[in-house]
Amino acid sequence: MHSADTANRKTAGPWVEIDLAALCANFAMLRGAASGAETAAVVKCDAYGLGLAPVAEALATRENCRTFFVAYPEEGAQLRKALATAAPDATIYVFNGPLPDTIGIFNDAQLTPVVNSVAQAREWASRKPGAPCALHVDTGMNRLGAPVEDLAELAALSDLNVNVVMSHLACGADPDDGKNSEQRDTFAQAATLFPNARRSLAASAGALMDASYHFDLTRVGVALYGGSPFDVDDARIKPVATLNAPIVQIREIAPDETVGYGATFTAQKPTRIATAALGYGDGFPTGGSNRAEAAVAGARAKIAGRVSMDLIGLDVTALKTPPQVGETAEFFGQSVPLFEAARACGTVPYELLTGLGGRVDRRYV
Ligand SMILES: *Cc1c(COP(=O)(O)O)cnc(C)c1O
């Protein structure tokens, strides 16, 4: 009831509170952690589900962020609009580089492509001779980027103006994985072919690893939004998003009664169930069924039964004060760490954030 009242909004469905000050604090922390490099913000996928325009504007105006990365050209066009006042001069890189069909979007929105192959590089250089681009070199992830064998050919393309050469770590989630230093060394060697380009290897994980991973430009995403990029939680990262749902019904059930589809929860004793308005339709994974916990009135309550499309049952039997209809259950954020919620759902913070559905009201604080 309280947070609903302070937010002064209707509470028929779930909402996520987005703390833009914490977002900016994470940006400043990441910039400090890689102080020899410029920090660019990765705002693909609607800023990891938290809202492209408000996130990008906050980073541009409060932290003077001037370099952004998105995945698709359409996202770049939306971002260009969103930054029209706050940072019309911002550089917007698009990871998934240009295709014959999308060159027009790059032109109209003044986007800078990341070229990922000789074919893309030739296409860009012939359509826009001398126009800047980034070049993604694949150093072992085998996902996107030009193979190292093609670099000499790329370096020789006279109309290709590479101003950033980049690569991406496959195993940043575990800083001790030997693949990280292998990729770093391959990358450093590859970058010597492009002496005028700035070098960018680190995403959130790399930015929080030692300085040998920082190079000239970091590309930070998940840590901005409060998610640890590692296999463990990271106390340097502040929570940004808090997912709340109103409790819409309370019921008392007897031993041997069950909860939800498939009757996967069976009461062992007289049990009080609070039903919250949130479900997999809002992006809360079914993997959290009978495992993940919510915070209700300062205490923890475990999910009882299967997560369904619009509703989740919580076992609130142990709460000293029984919750009331209209009270709030928090599924991650201030009280339940995002990392813990993701783990309990069998996923990672990235997926919990980007999965937040269209019904979840975004509220900026
Ligand atoms: C998504 C992405 C990033 C950001 O990664 P985080 O782990 O969220 O910081 C950086 N670089 C590339 C190539 C990406 O695809």
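Fair warning: this is a prediction, and the values are worked out from it, not measured in the lab. Whatever order the structure lists them in is the order used to number ligands and atoms, beginning at 1. FYI, side chains are in, hydrogens and waters are out, and symmetry mates aren't considered; it's all heavy atoms of this structure.
- Distance from atom 1 (C) of ligand 1 to its nearest protein heavy atom, with residue and atom name: K44 NZ, 1.4 Å.
- Residue, atom and distance of the protein heavy atom nearest to atom 7 (O) of ligand 1 are Y350 OH, 2.6 Å.
- Of the protein's heavy atoms, F95 CE2, 3.5 Å lies nearest to atom 13 (C) of ligand 1.
- A ring-centre distance under 6.0 Å is not found for F68 and Y93.
- Counting protein heavy atoms only, atom 11 (N) of ligand 1 is closest to R219 NE, 3.0 Å.
- Within the structure, ligand 1 lacks F69 among the residues with a heavy atom less than 4.0 angstrom away.
- For the pair R184 and Y213, the distance from NZ or CZ to the six-membered ring centre is under 6.0 Å and the angle to the ring normal is within 45 degrees.
- When the shell of 6.0 Å around OH of Y261 is examined, it contains 12 or fewer heavy atoms from other residues, nucleotides or ligands.
- At least one heavy atom of R143 sits closer than 4.0 Å to an atom of ligand 1.
- Selection from V222, V220, V348 by nearest heavy atom to atom 6 (P) of ligand 1 gives V222.
- Proximity of P229 to ligand 1, defined as any heavy-atom pair under 4.0 Å, is not found for any part of the residue.
- A donor-acceptor pair under 3.5 Å links the side-chain atoms of H214 to the main chain of A207, judged by distance alone.
- The shortest side-chain heavy-atom distance between L314 and K302 does not fall under the 4.5 Å cut-off.
- Ring-centre distance between F187 and F215: below the 6.0 Å cut-off.
- By the 3.5 Å distance cut-off applied to N or O atoms, A223 is not counted among the residues near ligand 1.
- Ring-plane geometry between Y48 and Y350 is classed as tilted, the angle between the planes lying from 30 to 60 degrees on a 0 to 90 degree scale.
- Among protein heavy atoms, atom 9 (O) of ligand 1 sits closest to S204 OG, 2.5 Å.
- Proximity of E38 to T67: side-chain heavy atoms (C-beta onward) are separated by under 4.5 Å at one or more points.
- Near A203, the atoms of ligand 1 lying under 4.0 angstrom from a non-hydrogen atom of the residue are 4 (C), 5 (O), 6 (P), 7 (O), 9 (O), 10 (C).
- Less than 4.0 angstrom separates some heavy atom of Y48 from each of these atoms of ligand 1: 1 (C), 4 (C), 5 (O), 6 (P), 8 (O).
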